[in-house]
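One structure is given here, and the rest of the page talks about it.
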Amino acid sequence: MPIALSLVNVSKRYGARPILENLSLGLMQGEKVGLIGRNGAGKSTLFKLLAREESPDSGDVILTQGLRVSRLEQDPHFPPQATVREALQSALADHAALIQRHGEIHEQLHALHERTDAALETRLHQELESVEHHLAHMGWDLEPRLKEAQTTWGLADLELPVESLSGGWRKRVALAQAWLKDPDVLVLDEPTNHLDPEQVEKLEAWLQAFDGALLLITHDRHLLDGVVERMLELEDGRIASYDGSYSDYLLEKADREFREARLTDHMQNRLRREMAWLRRGAKARTRKSKLRIQDVLDLKEDVAERTRVETRQSITFKSGDNRSDALLHLKDLHFAYGGGPELVGGLDLVLQRGMRVALLGPNGSGKSTLLRLILGDLTPTKGEVARHPKLSVAAISQGRGELDGSLSILDNLADRAAVVKVQDSTLHAHVYLTRFGFPVEQQGRLASTASGGERNRLLLAKAMLHPADLLVLDEPTNDLDIATLQNLEEALMDFPGTLLLVSHDRFFLDQVATHTLAWNQGATPRWELYEGNPATVRSLRSERKTDVMPRPEPSKTALRSETPKARKAGLSQKEQRRLQEVEAAMATLHERLQTLDECLADPSAFLTAEAPGHQALVAREAAQRELEALELEWLELEEKR
């Protein structure tokens, strides 16, 4: 399979700080690859190199000639005053140039009838054949392509200035541009930011059907799992490659880390023995002793490098002292902006302690408005929001307005306090901030200079300092890397208070939410509360649509023949035999897992590539999956019995 783009021994520095070091990667034509890494690891730098916005300090960035390449940056930029139509037309500039060139070639060929130039005529016919080949694929008329893009990406008004649109709508315009280019190679940097779930699903369907080469830089784990066939992880300026989807990457990485941990244990044991030899007073007089001492020092550096642990963001939200079950009651709540459509109509809702509620709805449905009503930032046009008198609230808004851009990152943390109280201990504020990825030397920067991910991490650090009965988080996942997302998930699932959450990250919502407040355009009130996460709601609504579809009425003959027969309670003979088979198979698998665990506990099982530990690890995963399937079947049969 030919290569679409490649980086060969690429290095890039900003000042003294290395971002990429001798990095090499290749993207094959037709291959779909996902790229992940911590914030600041160099993903956006890599994107800029591929977009030719920056040049490497050394190495080569190679794009195969003749391929159409489309790139989508995190925050798309458009010409000032450009309308949506003009932005889309700019994406078809190459297409329009081909149509124009087709006419020019015909004019040149017609003019050749007046003189003889065989060589020129041959070249023109060859170029005409190439142009007609491209136009046969892309179409001969621009307007149908524009209308198709408008429909596909839900762009209702093509005459609106792009600058007047929200971040979500601007991202739709940028995606429509990439789609219109009909590229051979797609490079997308965080394409799901600001998109509502419906548009993310459209994006996923497009990328699944896309038959070109794709490099997808995203923190959206659901999208990675549904689209890519290879994962790249960027860390410390280097790339690690894993075959398969995001789920496959997690399994393979866990396996790799397990093997490396075994090797590290072996190296640490050896280092302890060598250090004991040194402490006994080894004399550095002979050449042999000097070499052994140097070996010990080298081994010590290797172990230190392998066991280096980056400061992990310790995210823990502390609950307030309110022990009431009912914290907040929305009573017949209505709201509309100045004569506009009603966003909240007749909503009755009781928020109880321990509920983690995800708000599910498209952009413009009023999710942020509903949160502002609950927080008291807006006054309802009708109804009331009854709060417990001792309710304590912590909130992060979508606009990140809780930060003062004129203050430093450090001063924003706790109103210029030198120390902060974390759980039952007191820490210096600058030490506390280092837990959230802010080196001491960067804490004096103005908050206005912070990136989206930095602003988000700073707000999370602030929110953790204040006990709260109710957490209100509007898009807390924007610009966070996967490691931070996982930590945030764990913290919110451990939070004993009540949570209201808006996010475009489907995987995150499905992990965290216990309830879903879902928008329903045709219902009154517009918002419906479901028990379960958003994935459950989508499934229920899909089933509901299926149930309301008209079905042909059965004939009278069919009705007479379908008189139900009473079924005997308990298991049939066949089911009884199957239950015995399942129980026997489960017992065998338990013994198998015990044997495999004993093998995996032996350090020598991973000393070489041929050692049995690697196969045992794969066999254990397969046996565990088989056991889980049998346990589900056993439970179903037991319930019948």
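Just so it is clear, the model here is predicted, and its values are computed rather than measured.
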- Query: In this structure, are over 12 heavy atoms from other groups packed under 6.0 Å from Q81 atom CD?
  - Reply: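 Open.
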- Query: In terms of ring plane angle, is the pair F335 and Y337 parallel, tilted or perpendicular, where the classes change at 30° and 60°?
  - Reply: perpendicular
Heavy-atom pair with the smallest gap, counting every atom of [X] and [Y]:
{"X": "L49", "Y": "E54", "result": "CD2-O, 3.6 Å"}
{"X": "E252", "Y": "D243", "result": "OE1-N, 3.7 Å"}
{"X": "S503", "Y": "L509", "result": "O-CD1, 3.2 Å"}

- Of the options Q74, K171, H219, which is the one that meets E190 in a side-chain hydrogen bond (donor to acceptor under 3.5 Å, both in side chains)?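 Result for side-chain hydrogen bond (donor to acceptor under 3.5 Å, both in side chains) with E190: H219.
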Are any of the side-chain nitrogens in [X] or [Y] under 4.0 Å away from the carboxylate oxygens of its partner?
{"X": "E342", "Y": "K382", "answer": "no"}
{"X": "E489", "Y": "R221", "answer": "yes"}
{"X": "R85", "Y": "E143", "answer": "yes"}
{"X": "R68", "Y": "D182", "answer": "yes"}
{"X": "R506", "Y": "D225", "answer": "no"}

- Check the pair I239, L35 against side-chain contact (heavy atoms from CB on, under 4.5 Å), reporting the backbone distance first and the verdict last. CA-CA 9 Å; I239 287 277; L35 175 65; 3.8 Å; yes
- Query: Just one of L371, D474, T516, L501 clears the side chain to side chain contact (heavy atoms under 4.5 Å, CB included) bar with L359, so which one?
  - Reply: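 Exactly one candidate clears the test, L371.
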- Query: Considering the options N22, I19, L23, which one meets the side chain to side chain contact (heavy atoms under 4.5 Å, CB included) requirement together with S11?
  - Reply: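 The option that passes is N22.
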- Query: Does W527 reach the side chain of S365, with side-chain heavy atoms less than 4.5 Å apart?
  - Reply: yes
- Task: Report yes if the side chains of M355 and L529 come closer than 4.5 Å at any heavy-atom pair, otherwise no.
- Result: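 With C-beta onward as the side chain, the pair touches.
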- Is the closest side-chain donor-acceptor distance between T484 and N487 under 3.5 Å? no
